[in-house]
Amino acid sequence: MRVLAVSGSLRRDSHNTKLLRAAEELAPEGFEFELYEELESVPPYNEDRDGDEAPLGAAHLRARIADADALLIATPEYNSSVPGQLKNAVDWASRPVRAGALWGKPVVVIGASSGMYGAVWAQAELRKILATAGARVVDAEVAVSRAAERFDADGRLVDEEIRDELRAALDSLVAEVEPQLVAA
Ligand SMILES: Cc1cc2nc3c(=O)[nH]c(=O)nc-3n(C[C@H](O)[C@H](O)[C@H](O)COP(=O)(O)O)c2cc1C
């Protein structure tokens, strides 16, 4: 099962990217993890430039999503919502309507923030946006609050409760995807 992991943060030491690396470490047998690292090269959505000749960064994003069986997205919270670069990527992947790369794609949303609430508002908004784009949003949540305290100096997730939540979220993703893979 090929899982494309997308961090909504462009920051080098991003807690959200570390959370995805923890997910890779905890993933059940059979997971093939790929980290999408080109979010910054996706241009701002422009309907005039959309179509068969979409800009390279957008076309590449769409192809990577299309190739994956499922997505795992970790979002930070910026001003109580989804960071612009992540929303922009969802917009590209939501088109063409009903035929975009996100259409029918199983997705788990998780998130980390430096504050008290673990990016729960951003996660809720991202789920709403993804559902509008036709993705199959899996009912799972991992909300990492006070993220700076949850990773050690090597970037390893050291909070056992969150590690368990992450395992459960990945199990939910497998449960969503596997019947589909068996049928294929
Ligand atoms: C522009 C901006 C807005 C932010 N707004 C919020 C917010 O509304 N709520 C929150 O919990 N944290 C907020 N933060 C703090 C982020 O949660 C924190 O920087 C987090 O570590 C970002 O994720 P990252 O480590 O993956 O880059 C904001 C940070 C930035 C840069």
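Values in this document were obtained by computation on a predicted structure and should not be read as measured data. Position 1 is the first residue of the sequence; numbering continues from there. One-based numbering, in listed order, for ligands and for the atoms of each.
- Protein heavy atom closest to atom 31 (C) of ligand 1, with residue, atom name and distance, is Tyr78 CE1, 3.9 Å.
- For atom 22 (C) of ligand 1, the closest non-hydrogen atom on the protein side is Pro76 CB, 3.7 Å.
- The shortest N or O to N or O distance between Glu77 and ligand 1 is below 3.5 Å.
- When only non-hydrogen protein atoms are considered, atom 21 (O) of ligand 1 lies nearest to His15 ND1, 3.4 Å.
- Nearest protein neighbour of atom 8 (O) of ligand 1, counting heavy atoms only, is Ser80 N, 2.8 Å.
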Discussion item. Between Leu19 and Leu166, is the side chain to side chain contact (heavy atoms under 4.5 Å, CB included) condition met? List the steps.
Written reply: CA-CA 9 Å; Leu19 190 58; Leu166 209 42; 4.0 Å; yes

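- With hydrogens left out, the protein atom closest to atom 5 (N) of ligand 1 is Asn79 N, 2.8 Å, a heavy atom.
- Nearest non-hydrogen protein atom to atom 26 (O) of ligand 1 is Ser14 OG, 2.6 Å.
- Comparing heavy-atom distances from atom 27 (O) of ligand 1 across Ser7, Gly8, Ser9, Ala119 singles out Ser9 as nearest.
- In this structure the side chain of Trp121 never reaches within 4.5 angstrom of the side chain of Gln123, judged on heavy atoms.
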Practice prompt. Determine, step by step, whether Arg150 and Lys18 satisfy the side chain to side chain contact (heavy atoms under 4.5 Å, CB included) criterion, reporting the C-alpha distance in whole Å, the side-chain angles of both residues, the deciding distance to 0.1 Å, and the verdict.
Written response: CA-CA 10 Å; Arg150 315 285 182 192; Lys18 288 178 195 165; over 6 Å; no

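- Heavy-atom neighbours of Tyr45 OH from other residues, nucleotides or ligands within 6.0 Å: above the threshold of 12.
- Close approach of ligand 1 to Ser113 (heavy-atom distance below 4.0 Å) involves ligand atoms 11 (O), 17 (O).
- Looking only at atom types and distance, the side chain of Ser113 has no donor-acceptor partner in the side chain of Glu77 under 3.5 Å away.
- Between Ser7 and Leu20, the closest heavy-atom pair is N-CD1, 3.5 Å.
- In the model, Arg11 has no side-chain atom that pairs as donor or acceptor with a side-chain atom of Thr17 under 3.5 Å.
- For ligand 1 and Asn16, the ligand atoms under 4.0 Å from any heavy atom of the residue are 23 (O), 24 (P), 26 (O).
- Of the N or O atoms in Asp13, none lie within a sub-3.5 Å distance of an N or O in ligand 1.
- Residue Val138 is not grouped with residue Val109 when hydrophobic side chains (ILVMFWY) are merged at heavy-atom distances under 4.5 angstrom, including chains of intermediate members.
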Discussion item. Run the side chain to side chain contact (heavy atoms under 4.5 Å, CB included) test on His15 and Val144 for me, step by step, so that the C-alpha distance in whole Å, both residues' side-chain angles and the decisive distance to 0.1 Å come before the verdict.
Written reply: CA-CA 9 Å; His15 295 115; Val144 182; over 6 Å; no

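- Protein heavy atom closest to atom 18 (C) of ligand 1, with residue, atom name and distance, is Ser114 OG, 3.4 Å.
- Atom 25 (O) of ligand 1 has Arg11 NH2, 2.7 Å as its closest protein atom, hydrogens excluded (heavy atom only).
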